[in-house]
Amino acid sequence: MSDNTKFGPPKGMRDWLPQETLLRQKLIRLIEHHYQLYGFQPIDTPVMENIEVLQGKGVGENEKLMFRVAKRGEEFSNSIQVVSNAGAQVVDNHGRSAVALNEITDMGLRFDLTVPLARYYSNHSNDLPKPFRCYHIGPVWRADRPQKGRYREFYQCDIDIIGGASDAYEVELLLATDRVLKELNVGKFRIRVSDKRLLPALLTGMGVEGDKVPGVAAALDKLDKQPYEQVKKEIEALGHSLEVLGKVDAFIQNALHKKLEPAHFKLGEAEALAGHIESIRQRVHEVNPDANVVFDPLLVRGFDYYTGPVFEINVEDKDFTFSIGGGGRYDGLIEKLGGPKGTPAVGISLGFERILLILMEKAKAAAQAHSSRVFIVNNGQPEKDILALAEHLRAEGIQVEASLENKKLGQQLEAAQKNGIEYAITKFEQGKASFTVRQLSTRQDKEMTKEELGKTLKNL
RNA sequence: GUGGGAGUAGCUCAAUUGGUUAGAGCACCAGAUUGUGGAUCUGGGGGUUGCGGGUUCGAUUCCCGUCUCUCACCCCA
C-alpha cells in the first residue's frame, strides 16, 4: 500500500488500464464519428496557452482554477528577483499573490476548449471556411477539489460553428448533440435551452430589484440538486415585497409543472427572447420529434462570455445531479481574442468523464469494450508454428496475441479473457486452412477460416 | 477555498474496555496432481498498521499534527 500510494498520479488525475483505455477510445471514436456525420471537421490546439489568452475572458471562477505554468530558465530567475524586490506584501498566506503569480507564470493549462478555439479562429480565420464547423476533443485542467464526477484532468468534446449568425446553427447543434447522446446510450437526458438574458428580464419584469436578480438566479441554479422548498427559502431570504415574491413563486411553480403559456412571458423584452428560444425548440422537433430538447426559462449559466441562447444537459437520475454538457452562443469572444469584429459563434461541450461515469455505473457489463485481438492457445506446438500462424493472420490485418508458454489450458484462456480477449484459437494444424476458434464468454467452439475470423473480430 | 468520513498484506476485511510474535479469505509464486476453462494438495513470499509526535509499563486501538483518498458545499463538464 505504502509503495503504491507514495507515487500515485497527481490529485484528481487518473491512470487508465488497457481495458479502460480501450473503452475510452471506443466512445471517443463514436462521438467523433457522429460529429463528422454532421459535417464538423476535427481541430486540435496546444494544451497550454499564453496566460493573456486565458485571462479575462469571462469564464467566471474557472480562471481561478487555472493551472499556471512557471517561466523557464533565466526568465524565471528574473521574475523571482522582481517578486522578492517587491517585498513581503506580495505574498499571501499560501505563499503566493496575484502580483507574484503574474510575474512568475506566463502560460497556463487550458481550462476549457472554447477559449483556445476562439484564439485559434482569430489566428486562422483567413484560412478557414465561413461558417467554420469544427469539433475539438481533448483534455482540460482545473485545480478544483475532486469529488464524484469532478476531476482535475478531464476530456471535453466540443462542437462549434463560428461565423454563422443564424439561429439555424443552434438547431443543428442541438440535433447533433441529441443524436450523439442517444448513440452513447447514457439513458434519459434533457437538453435544456434558454437565453442568457431571459431569466433576468423575467425577474425584473416581475419587480425583482436589479441587485437581487443574480441572487435569485443563483438559487434557481440549485434546482437540480435541491427541492424547490429549499430554493424558495433562499429566494425569500434575499428580501422581496410580498407582491413580487408571489409573482416569482407563481412563475416558478408554473415552470416546474410545465404549465407556462406565452402569456406568462409578457414582461418587457422577455417576450421576444422566450419566443425566439421556443422557435428554436420547435424547429428541432420539426426535424426530430423525439429530440430530448426542452425550453427551460429557469436555466442559469454562469459564464459571462455567453451572449444569447444557452444550453445545459442533465441526465434524469438522482444519482447524477451534475450536468454532462453545456454551451451557448458567444458572439463577442472571438473579437476579444483579436479575431474579426463581430464574429458570431455558438457551441456545445460534452463532459466525457461524466458520461463515462454514468455508463460505467449504470451498465457495467454493457460498458465493457472487447479487445479485437485473437489469442492463440499454446498446446505445446513448436514455437515457429505458432509464430507462423500469428504472422499469417497479421498479414490479414488481424490483431494477434500468441501464447508462448505451454501453461495449463484453463490458465491461458482465463488470463486471455481477463485481458478483454473474446476469441481464442484453441486448435490448429500446419497447412490446414481452418482452425478451431472458441468464444471465451460463451465457451462455444467453431471451425473458421482466417477470413471468417477476421469478420467475426471486426463485428466485436 | 469550506466542512464531514476513511486509511491494517496486491484486493476485501479481522484483531475482546489499550495487553504475547497483527490474522483470515481471495490473489500471487513454487512443486505435485489433473490434461481442452475457474479443481485439489503441499509449501512460500509478502506489513515500519499512511507518516510524525504525545499519553501509557504497553498503542492498530486514545489525543494532536500532517499527508492521501473519498463524499458534500462553492463552482462546474
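Chain identifiers are assigned alphabetically (A, B, ...) following the order of the sequence lines, protein sequences preceding nucleic acid strands; residue numbering begins at 1 within each chain. Source: prediction; values computed, not measured.
For the pair A:K446 NZ and B:U36 C1', the interatomic distance rounds to 20 Å; values are reported in whole Å. A:E61 has its CD atom 7 Å from the P atom of B:C76, to the nearest Å. The interatomic distance linking A:L113 (CG) with B:C76 (P) rounds to 17 Å, in whole Å. Per the geometry, CZ belonging to A:F111 stands 12 Å off C1' belonging to B:C76, to the nearest Å. When the P atom of B:G35 is taken as reference, atom NZ of A:K427 falls 16 Å away, rounded to whole Å. Atom CD1 of A:I425 and atom C1' of B:U36 are 15 Å apart (whole Å). Residue A:R145 contributes atom CZ, which lies 10 Å from atom C1' of B:U70 at whole-angstrom precision. When the P atom of B:A77 is taken as reference, atom CD of A:Q156 falls 7 Å away, rounded to whole Å.
Ring planes of A:Y135 and A:Y35: tilted class, angle from 30 to 60°. Using a 30° and 60° split on the angle between ring planes, A:F303 and A:Y306 fall in the parallel class, below 30°.
Across B:G5 and B:G47, the matching P atoms stand 31 Å from one another, rounded to whole Å. B:G58 and B:A22 have their C1' atoms separated by 15 Å, with the value rounded to a whole Å. Annotation: B:C28 and B:G38 have their C1' atoms spaced 16 Å apart (nearest Å). Between B:C64 and B:U20, the two C1' atoms lie 29 Å apart (nearest whole Å). Taking atom C1' on both B:U33 and B:A14, the two are 33 Å apart, rounded to the nearest angstrom. B:G1 and B:C29 are spaced 49 Å apart, taking the C1' atom of each and rounding to whole Å. B:U49 sits 11 Å from B:A59 when the C1' atoms are compared, rounded to a whole Å. Here the separation of B:A24 from B:U8, taken at their C1' atoms, is 13 Å to the nearest Å.
Remark: ring of A:F154 stacked against base of B:A77; centroid gap under 5.5 Å, plane tilt under 30°.
Applying the side chain to side chain donor-acceptor pair (under 3.5 Å) test to residues at least two apart or on different chains, the pairs with a partner in residues 349-359 of chain A are A:R14-A:E353, A:R24-A:E353, A:D158-A:S349.
Note on A:K71 versus A:D106: no salt bridge recorded, every NZ/NE/NH1/NH2 to OD/OE distance being 4.0 Å or above. A salt bridge links A:E447 with A:K432: the distance from a Lys NZ or Arg NE/NH1/NH2 to an Asp or Glu carboxylate oxygen falls below 4.0 Å. For the pair A:R394 and A:E391, the salt-bridge criterion is met [side-chain N within less than 4.0 Å of a carboxylate O].
With hydrogens and angles ignored, a donor-acceptor pair under 3.5 angstrom links the side chain of A:R438 to the base of B:G37. Side-chain atoms of A:R301 stay outside donor-acceptor range of the base of B:C76, with no qualifying N/O pair under 3.5 Å. Donor-acceptor pairing under 3.5 Å, judged by distance alone, is present between the side chain of A:R150 and the base of B:C75.
Using a 4.0 Å heavy-atom cutoff across all strands shown, A:K225 reaches at least one base atom of the nucleic acid. Residue A:S323 is classed as a sugar-phosphate contact, given heavy-atom separations below 4.0 Å to backbone atoms only. Across all strands shown, A:G60 has no heavy atoms under 4.0 Å from either base or sugar-phosphate atoms. Across all strands shown, A:F320 has no heavy atoms under 4.0 Å from either base or sugar-phosphate atoms. In this structure, A:L413 reaches the bases: a heavy-atom distance under 4.0 Å links it to at least one base atom across the strands shown. Residue contacts shown for A:L440 include a base, since a base heavy atom lies under 4.0 Å away. Residue contacts shown for A:Q147 include a base, since a base heavy atom lies under 4.0 Å away. Note on A:K64: nothing from the nucleic acid sits closer than 4.0 angstrom, heavy atoms only.
The environment of CD in A:Q439 is crowded: more than 12 heavy-atom neighbours from other residues, nucleotides or ligands sit within 6.0 Å.
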_Run A:E209 and A:K212 through salt bridge (charged side-chain N to carboxylate O under 4.0 Å, His left out) and show every step you take._
CA-CA 5 Å; A:E209 294 162 43; A:K212 290 175 183 162; 3.5 Å; yes
*Go ahead and write out RNA chain B as dot-bracket, 5' to 3': ( ) for pairs within the strand, [ ] for ones crossing earlier pairs, | when the partner sits on another strand, dots for unpaired; Watson-Crick or G-U wobble, both distances under 3.5 Å.*
(((((((..((((.....[...)))).(((((.......))))).....(((((..]....))))))))))))....
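When each of A:K148 and A:Y151 is assigned the nucleotide of RNA chain B bearing its nearest heavy atom, the one mapping closer to the 5' terminus is A:K148. Residue order along RNA chain B, read from the 5' end via each residue's closest nucleotide, puts A:D445 first among A:D445 and A:R354.
Regarding contacts with the backbone of B:C74, a side-chain N or O of A:K222 is found under 4.0 angstrom from either OP1 or OP2.
If you run side-chain hydrogen bond (donor to acceptor under 3.5 Å, both in side chains) between A:Y330 and each of A:T307, A:D160, A:T114, only A:D160 comes through.
Not one N or O on the side chain of A:R179 forms a donor-acceptor pair closer than 3.5 Å with the backbone of A:Y38.
Of the candidate nucleotides B:A77, B:C75, B:G38, B:G38 has the atom nearest to the side chain of A:R443.
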